[in-house]
J.: 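Please read through the structure below; I'll follow up with questions.
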Amino acid sequence: MTTTLEQESTPVAVVPEQERTMSIVMIGHVDHGKSTVIGRLLADTDALPKGKLDQVREMCRRNAKPFEYAFLLDALKDERSQGITIDTARCFFRTKKRPYILIDAPGHIEFLKNMITGAARAAAATIVIDAREGIQENSKRHGFMVSMLGIRQISVIVNKMDLVDHSEDHFKQIQSDYTDFLTEINVVPVSYIPVSAVNGDNIARRSEAMPWYDGPTVLDQIDGFDEPQDLVDFPFRYPVQDIYKFTEQGDDRRFVAGRITTGTLNVDDEVIFHPSGKRSRIQSIELFNTPDRTSASAGEVVGFTLTEQIYAHRGELMVRADEQQPHVSTRMRVNLFWMGKAPMVTGKTYKLKVGGLRSPVKLVEVIHVLDASELTTVTTKNQIDRHDVAECILETPKPTAFDLENEIAPTGRAVIVDNHEIAGAGIILESVISDDSTLKEHIQAREFSWRTGDIAPQERASIYHHGAKMVVLTGAVGVGKEELARALEKRLFYANFKVYYFQTANLVSGLDSDVGSEFRMEHIRRLGELARIFTDSGQIFITAVTDADDYEVEALELLNQPNEVLVVNMGDSSFGKYESALMLDANPDTKQAVKQVCQLLKEKNVIQQYAI
Amino acid sequence: MAMDHLERLEAQSVHVLREAYREFKSLVMLWSIGKDSTVLLWLTRKAFFGHCPIPLVHIDTSFKIPEMIEYRDRLALEWNLNMIVGQNTKALARGDTFPSGKLSRLECCKALKSEALKHTLSGEWPRQRLDHELEKYVTDENQDPYTGVIVGARADEEGSRSKERYFSPRDKENDWDVSDQPPELFDQYKTDFAPGTHVRVHPLLDWTELNIWEYIERENIPITPLYFDQGEGKRYRSLGCYPCTTPVDSTATNVSEIVEELRGGKFSNIAERSGRAQDKEDEGGLETLRRDGYM
């Protein structure tokens, strides 16, 4: 036996050849012959398992069906019975040059989401067009999708040339028509290839029937596609997938985990986490069973430890301090493709996934909807229907960190989840800077119609001998927020103040019982609304929020208007830029801490100097 | 420095594993003791910086080659794995198996693997957990169902697997609707589920048999010696139950010889699972089993 059970074995450097598999997606309108092209390519390059061709021929004979190359790919019974390719079938195959994954994307519009899956994994695309039928709806729609997904290498295969007498004029006409279309969507195909897949013409061997064609065969073309480049020469981007600590396993290191999508990072580099704005420095680059290293680049899944322990969260975007910073905004303009069964509508809350972030998101405005097949735009729609491509404005409750797709593609791409399903996919075109936000609009409307009884705030203050205030205690779990809140409430209460300590846990079982735990910002919003009521009644409203960030406090301040919020931070600051009114140590001496908060309330003229 | 093909595969798998760990509270990984799921286990240690925070489930048909069980427990103790074993004890007690002559091969697979897996995951049947202090298996008190299951399926193994996603939902009956697979793009997977949905996670989807062996060689991953020729000119290419698994002709005695063998194209026209007799019983043997929850 030659193996060992050593915990940390040394990796052996064995990479004899640079075997990089290229993924190519084959798309086209239904029945234009994609599967036949792939089947033929496999058969003519001897890529089929032994006996497979005979087995399929035999099965066709038994079932009294004419043999088709497409059957080779239709590995599932269901599919053969329907005669269509149901899902994105991947097919492993190699030429003399390199290994490939050919992705056979279904042509039926119902299966467009499968086509997206296939195409999103591909480095290049071939679009198959039936010479006899010419350009059809999906020839256009798919061309558009592929360009939106960021695939720049596209080859157009004009199939079934045998049915149009191998006519060069016919081929040129399709080439000309389709080029007109592709030009409109900024796509320049690398080649047009006339083929007859049934006869194997111009698939792996040159066609004798089309001597007028001197371009590449399909095989030449796929070997001619360039490998996708690593995005090393871009600013460093690292969507934080998670933060790990394996204390129980006796490991005290705190790991930031994710995948570098672009750029390079070195030990000692200063990093910023967005949107929190927290800063730290890289202490080490970590990956199990790998030699120590001082830098890492795009594509790698290394983890990092930081010199300063800051509370960065999963979902944040880690970037280098000395490079171009991402956009941080609540609104973005996107080009969105919708595959959801229900249309995307305004007012409803969806889930946005960009990089490692998951955030609630709303559709604010539909700028226009593009009919991908006709390339006409409709500006009057206010919802996005299934299979629409729409330019629209999305809004997240808190600022989100992202890039623009045409600048730094991976962090400029997003998906939208509706009812547990990935229903939309989009590219970010612009960060929309606007003073408007759904929250601000809401507060304006709320204040406009806010009604009270006949007692003015000043009257309450003068009878109560103190002003109203929202006091927010924040910090990590276990820093003594609740203890301080209880003590503070007690101290103020027995000094005759109108005070109430509200435990946020009560929200979850009461007011917020209809809100899932993933909608933290909605909990914050309702807490702010509640504070608005309490402070309007002239009380001092105390609450504790774990790890509040800049945007949450900003929202609370907005919601609690016209009254103010006083923030006390305990332990390490949970903020990026926001400055708390008071910084206390974690688990401070309670008596002393209560005194400090009371002093602060005096300074803010909430309570009178002599009152306590 | 540009990444090579193994580093890319590794990175993709690690990304999927971390995503699964982030999104699923009751997550397990199936460990068949074979080369693929052992690579998967190694990748988990990659993803979590040497640790394996995900429990491992092994379905013991009682017909596994004994060295496999010994190897399993040795690694489990050494790598501090949270090891869970399930079994269809009733079928075994009744002798409802293929070797006893009562069941066909496929029926036996269904009973000892698919059924055992289904009920072990659901918590309906008792689970045995490795107690690291006692160094033996004890009945697991935890009966909560596992709804997220990581498996080592590869797309090149079998036609039916090429339709898979990294994250693939099954309904409560473990059914797999091939015509309604979720989209996967921009490194985003379907990770939102209605309560009760079961999810299969496939981090090895893009790997080939050769990739697996290249990676075992590069990382020096301990692997059961059943894959090597022990001097009889035969070795196992795919490991299963001994009554239904036959070795292939090969004189490869170590990992690098297997890599050479595969690279040389020795098996390029012979299906990897050709030594697994249950696949041959009907036209879509594995497909039928997969619909029933077989891995």
Side-chain angles (χ1 to χ4, degrees), chain A residues 1-5 7 9-15 18-21 49-50 75-78 86-92 101 113-114 116-117 120 149 230 241-242 244 246 249 251 253 255 257 259 286-289 297 299-301 303 314 339 351 353 410 413-415 417 420-422 425, chain B residues 1-8 10-11 14-15 18-19 21-22 45-51 53 74-75 78 80 155-156 159-160 162-163 165 178-179 181-188 190 192-194 206 208 214 217-220 222-223 225 228 253-256 269-271 283-284 287:
Chain A
M1 181 179 161
T2 55
T3 51
T4 65
L5 290 178
Q7 186 79 15
S9 43
T10 318
V12 188
V14 274
V15 187
Q18 277 296 320
E19 286 269 87
R20 188 159 174 198
T21 304
K50 205 169 170 177
L76 299 174
K77 288 177 187 168
D78 282 1
I86 293 187
D87 195 359
T88 309
R90 274 174 288 181
C91 179
F92 290 76
I101 301 176
K113 67 177 186 179
N114 293 330
I116 295 275
T117 304
L149 289 168
D230 285 320
Q241 220 177 344
D242 225 327
Y244 302 128
F246 300 100
Q249 282 79 26
D251 189 341
R253 293 173 295 176
F255 300 101
R259 166 149 68 181
E286 304 278 345
L287 194 65
F288 169 67
N289 200 37
S297 308
E300 297 193 72
V301 286
R314 59 189 183 193
M339 347 172 212
K351 183 193 257 188
K353 292 169 89 172
R413 294 169 173 158
V415 299
V417 177
H420 309 298
E421 303 290 340
I422 292 181
Chain B
M1 192 183 70
M3 296 167 81
D4 66 32
H5 70 295
L6 287 181
E7 287 168 330
R8 281 172 211 285
E10 176 189 77
V14 163
H15 187 260
R18 286 179 182 155
E19 206 71 357
Y21 183 63
R22 168 178 177 172
R45 301 175 79 211
K46 281 272 176 195
F48 304 106
F49 307 100
H51 305 286
R74 204 156 34 115
L75 280 196
E78 199 157 327
N80 195 25
D156 75 325
S160 72
S162 69
K163 314 276 163 130
R165 298 288 197 260
V178 282
S179 67
Q181 291 289 296
E184 281 181 348
L185 72 164
F186 302 161
D187 282 345
Q188 303 288 358
K190 178 176 165 62
D192 296 84
F193 297 97
D206 298 330
T208 63
E214 288 172 327
E217 182 177 39
R218 171 164 61 192
E219 293 285 320
N220 203 7
I223 206 82
F228 310 129
T253 58
N254 57 44
V255 177
S256 54
N269 289 326
I270 305 166
E283 206 181 295
E287 173 64 11

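The sequence lines fix the lettering, A, B, ..., with proteins before strands; numbering per chain opens at 1.
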J.: Relative to chain A, which segment of B/Ser256 carries a heavy atom at a distance below 4.5 Å: side chain, backbone, both, or neither?
T.: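 Looking at B/Ser256, nothing touches chain A.
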
J.: Once salt bridge (charged side-chain N to carboxylate O under 4.0 Å, His left out) is applied, do any residues pair with B/Arg18, and if so which ones, sequence neighbours excluded?
T.: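 Testing B/Arg18 for salt bridge (charged side-chain N to carboxylate O under 4.0 Å, His left out), a comparison that skips the adjacent residues, returns none.
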
J.: Where do B/Gly50 and A/Phe288 come nearest, in terms of heavy atoms and distance?
T.: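 Scanning both residues, the minimum pair turns out to be CA-CD1, 3.5 Å.
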
J.: Parallel, tilted or perpendicular for A/Phe246 and B/Phe48, by the 30°/60° rule?
T.: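 Taking B/Phe48 first and then A/Phe246, their aromatic rings stand perpendicular (interplane angle over 60°).
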
J.: Between atom CG of B/Asn220 and atom CG of A/Asn289, what is the distance when rounded to the nearest 0.5 Å?
T.: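 Going from the CG atom of B/Asn220 to the CG atom of A/Asn289 covers 8.0 Å.
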
J.: Hey, which of B/Asn80, B/Asp192, B/Asp187, B/Val14 has the most heavy atom pairs under 4.5 Å with chain A?
T.: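 The candidate making the most pairs under 4.5 Å is B/Asp192.
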
J.: Which heavy atom in A/Leu287 sits nearest to a heavy atom in B/Lys46, and how many Å separate them?
T.: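 For A/Leu287 versus B/Lys46, the nearest heavy atoms are CD1-O, 3.7 Å.
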
J.: Might you work through the side chain to side chain contact (heavy atoms under 4.5 Å, CB included) test for B/Lys190 and A/His420, ending with a clear yes or no?
T.: CA-CA 8 Å; B/Lys190 178 176 165 62; A/His420 309 298; 4.0 Å; yes

J.: Taking side chain as C-beta onward, heavy atoms only, is B/Pro183 less than 4.5 Å from A/Ile422?
T.: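 In short, these two side chains touch, coming nearer than 4.5 Å.
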
J.: Report the residues that fulfil salt bridge (charged side-chain N to carboxylate O under 4.0 Å, His left out) with B/Arg22, sequence neighbours left out, ordered by chain and then residue number.
T.: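 Per chain and number, B/Arg22 pairs via salt bridge (charged side-chain N to carboxylate O under 4.0 Å, His left out) with no residue.
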
J.: With a 4.5 angstrom heavy-atom cut-off, is it the side chain or the backbone of B/Phe193 that approaches chain A, or both, or neither?
T.: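 The backbone, not the side chain.
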
J.: If you round to the nearest 0.5 Å, how far is NE2 of B/His51 from CG of A/Asp251?
T.: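 These two atoms lie 3.5 Å from each other.
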
J.: Do you know which two heavy atoms are closest between A/Ala425 and B/Phe186, and how far apart they sit?
T.: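 Nearest pair, atom of A/Ala425 first, then B/Phe186: CB-CE1, 4.1 Å.
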
J.: Quick one: closest heavy-atom pair of A/Gly299 and B/Ala11, and the distance?
T.: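 Looks like O-CB, 3.4 Å.
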
